[in-house]
Amino acid sequence: VVGGDGPGGTDSGIDDDGGSTATLSNDGLTGPLFQAGSELVGTVTVDDLEAGEEVVVRLDVRLLCDPGSGPTGNLQGALSQARLIAINGNVPVDPPQAVPGGEQTIPFKQIGNIAKIEIIVDKVTDPSGAAALFDFVLDGDGIDPQPFELADATTPYGFVGFPGSYSVVEVAPLPDGWELVSASCEVVNADAGTTTPGVSPAALDLVDGDVATCTFVNELKGEIEIIKNTIGGDGTFDFTSADLGDFSIATTGGTGSKLFTMLDAGTYVVSEDDPAPVFDFTGLTCTDPSGGTTTLGATATIDLAAGEKVTCTYENTKRGSLKVTKVVDWNGVDPIDGTTFEICITGPSYPTGDCKTATYPGTLMLTWDNLELGDYTVNETNPGAEWTVNISGSPATVTAGAQATATVTNTRKLGSLKVTKTVDWNGVTPDPAQTFEICIQGPSYPVGDEAGACQTIGSSGGMLTWTDL
């Protein structure tokens, strides 16, 4: 600048404040990097220059190497020339004016001293040693996104680059059944003697010498299957679990089930509600690969390990029933409506007995439902001397979901009539050939001459008896 048009030789409207700045507006190579004759050409804009002011412009060149390429040697470059090509941004200097100072030789740092950072990504699975592959992407300043994949059994992924901002992300979808449970980095800088744990892999701001070791932990979710088996019939059964939530299982063809997936490792308690009076709880077994599950009555305490499936099978047996049929044989006697008979059973459900009343002619079928399985004895309370009692099918065996039967038959007893015949010959010599015919008339013999109505007795008299009257 040879002189300004403002006061004191300054630029118009600009005071000499020493605030000049240099900005690199563009740069590029004229040929392949590291080949003789290739030049790095750039344009620098310097503003706020004053008359008589001298400005020194420093050009910093950063050499980027491909990660893992491992170059060696002492790299050097030379500033071949610098020229003033324009004033005030758009007034060309023609021909370009050489910048004083001449050619400068600039040594580069030794390769070992070039500023660099390192990122190590490790995959840890629970259970350990899983072969499942997980997808990742590493991204950051000055690099294209770097996709890679890791399994627990594979060598950790390594990246070497330059200081800047980086992110490491585990990419969805994850392998079936897996969940990311933690992701954290520890940043160690041996030169500075610092260790910073708990750094998010999604926000790594790394300086020269930082080594970030990032660990992604994935857990294989577990499964619990509750199987309901029934003997003797189907039904719907309720379960209580504070850990899984209350649920129900309906059986078809004697079985049903419910599967719980994507479960964290831990303890889960499941209890079946009492299925009585229709069913009885008759068994609970669990299959646990790690062997930590226990059972007590209708409660399973499930110790679920990562990636494990525990199966618990509940068994219920349907209760049975007993039907007793009352048969009343009036044996020719006119029936009496409203006549009652008391039938009692004794067995597992009623150790001291349970009784029901049969009424003629209406209620002659008596049924006991939801009976515990086993043998039941059927009896009738004494119906009176006028009845005979016959019981068939007792003891009755009640089986799962089935109905046992028994029959109680009452037969009305018939009466008899005894007639005494007395013969007084009154001094006359008895005639041995003399006979007497005695006849009765009544309900059994309405006319009195029906067969059996009359009987004959000899001359000495005696006793005649009509039975089943």
Side-chain angles (χ1 to χ4, degrees), residues 119-138 147-158 167-187 197-204 212-229 239-249 255-272 283-314:
I119 298 174
I120 300 170
V121 183
D122 189 23
K123 165 58 60 186
V124 175
T125 61
D126 185 11
S128 63
L133 286 172
F134 299 83
D135 293 323
F136 292 84
V137 172
L138 168 70
F148 61 96
E149 60 183 12
L150 286 176
D152 191 8
T154 58
T155 302
Y157 174 82
S167 66
V168 182
V169 177
E170 186 172 276
V171 181
L174 302 182
D176 289 344
W178 289 91
E179 182 180 59
L180 177 65
V181 294
S182 69
S184 181
C185 302
E186 181 181 74
V187 180
V199 179
S200 170
L204 293 170
T213 300
C214 300
T215 302
F216 287 75
V217 179
N218 291 69
E219 181 182 81
L220 182 59
K221 294 303 182 180
E223 295 183 351
I224 294 175
E225 185 175 20
I226 305 298
I227 297 175
K228 163 58 64 182
N229 289 335
F239 293 81
T240 299
S241 175
D243 309 300
L244 297 173
D246 298 345
F247 61 95
S248 298
I249 297 177
T255 190
S257 65
K258 188 170 182 65
L259 179 65
F260 298 88
T261 62
M262 294 300 291
L263 298 177
D264 294 332
T267 300
Y268 297 82
V269 180
V270 178
S271 297
E272 183 183 15
L284 168 59
T285 58
C286 292
T287 302
D288 181 353
S290 63
T293 296
T294 60
T295 63
L296 179 62
T299 298
T301 301
I302 300 169
D303 182 21
L304 185 68
E308 185 176 61
K309 181 178 181 180
V310 175
T311 301
C312 291
T313 302
Y314 286 77

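Fair warning: this is a prediction, and the values are worked out from it, not measured in the lab. Side chains are part of it too, since the values below use all heavy atoms of this structure and drop only hydrogens, waters and symmetry mates.
- For the atom pair L220 CG and L174 CG, the distance stands at 11.5 Å (nearest 0.5 Å).
- Take S241 and apply the side-chain hydrogen bond (donor to acceptor under 3.5 Å, both in side chains) test, not counting sequence neighbours, and it matches no residue.
- C312 has its side chain out of reach of I224: every pair of non-hydrogen atoms, C-beta onward, lies at least 4.5 Å apart.
- With sequence neighbours left out, T255 forms a side-chain hydrogen bond (donor to acceptor under 3.5 Å, both in side chains) with N229.
- Of the inter-residue distances, the one linking I302 atom CD1 with T311 atom OG1 reads 9.0 Å to the nearest 0.5 angstrom.
- Applying the salt bridge (Lys or Arg N to Asp or Glu O under 4.0 Å) criterion to E179, with sequence neighbours excluded, gives K221.
- Residues satisfying the side-chain hydrogen bond (donor to acceptor under 3.5 Å, both in side chains) test with S271, not counting sequence neighbours, are T299.
- Residues passing the side chain to side chain contact (heavy atoms under 4.5 Å, CB included) test with S248 are T236, D238, sequence neighbours excluded.
- Listed here is the closest heavy atom pair of Y314 and A300: OH-N, 3.7 Å.
- Here the shortest heavy-atom pairing between C286 and T293 reads CB-CG2, 3.8 Å.
- In this structure, T295 and T285 have side chains that are not in contact, with every pair of non-hydrogen atoms separated by 4.5 Å or more.
- Using a 4.5 Å heavy-atom cutoff, the side chains of L244 and F239 are not in contact.
- Closest non-hydrogen pair, L150 versus V121, comes out as CD1-O, 3.3 Å.
- Partners of S184 under the side chain to side chain contact (heavy atoms under 4.5 Å, CB included) rule, at least two apart in sequence or in another chain, do not exist in this structure.
- P201 approaches C214 most closely through the heavy-atom pair CB-SG, 4.2 Å.
- Taking Y268 as the reference, nothing meets the ring pair (Phe, Tyr, Trp, His ring centres under 6.0 Å) condition, with sequence neighbours excluded.
- For T240, the side-chain hydrogen bond (donor to acceptor under 3.5 Å, both in side chains) test picks out D273, with sequence neighbours left out.
- For the residue pair E223 and L304, the shortest heavy atom distance occurs at O-CD1, 3.6 Å.
- Taking the six-membered ring where the residue is Trp, F134 and W178 present perpendicular rings, their angle passing 60° and hence far from 30°.
- With values rounded to the nearest 0.5 angstrom, L204 atom CG is found 5.5 Å from I119 atom CD1.
- Partners of S167 by side chain to side chain contact (heavy atoms under 4.5 Å, CB included), not counting sequence neighbours, listed by chain and number: D139.
- For F260, the ring pair (Phe, Tyr, Trp, His ring centres under 6.0 Å) test picks out F247, with sequence neighbours left out.
- Sorted by first then second residue, the side-chain hydrogen bond (donor to acceptor under 3.5 Å, both in side chains) pairs that include residues 120-133, not counting sequence neighbours, are K123-E170, K123-N218, T125-D152.
- The stretch residues 296-312 participates, sequence neighbours left out, in these salt bridge (charged side-chain N to carboxylate O under 4.0 Å, His left out) pairs: E225-K309.
- Rounded to the nearest 0.5 angstrom, I249 CD1 and I226 CD1 are separated by 6.5 Å.
- Partner of F216 under the ring-ring contact (aromatic ring centres under 6.0 Å, His included) criterion, out of F148, F136, Y157: F136 alone.
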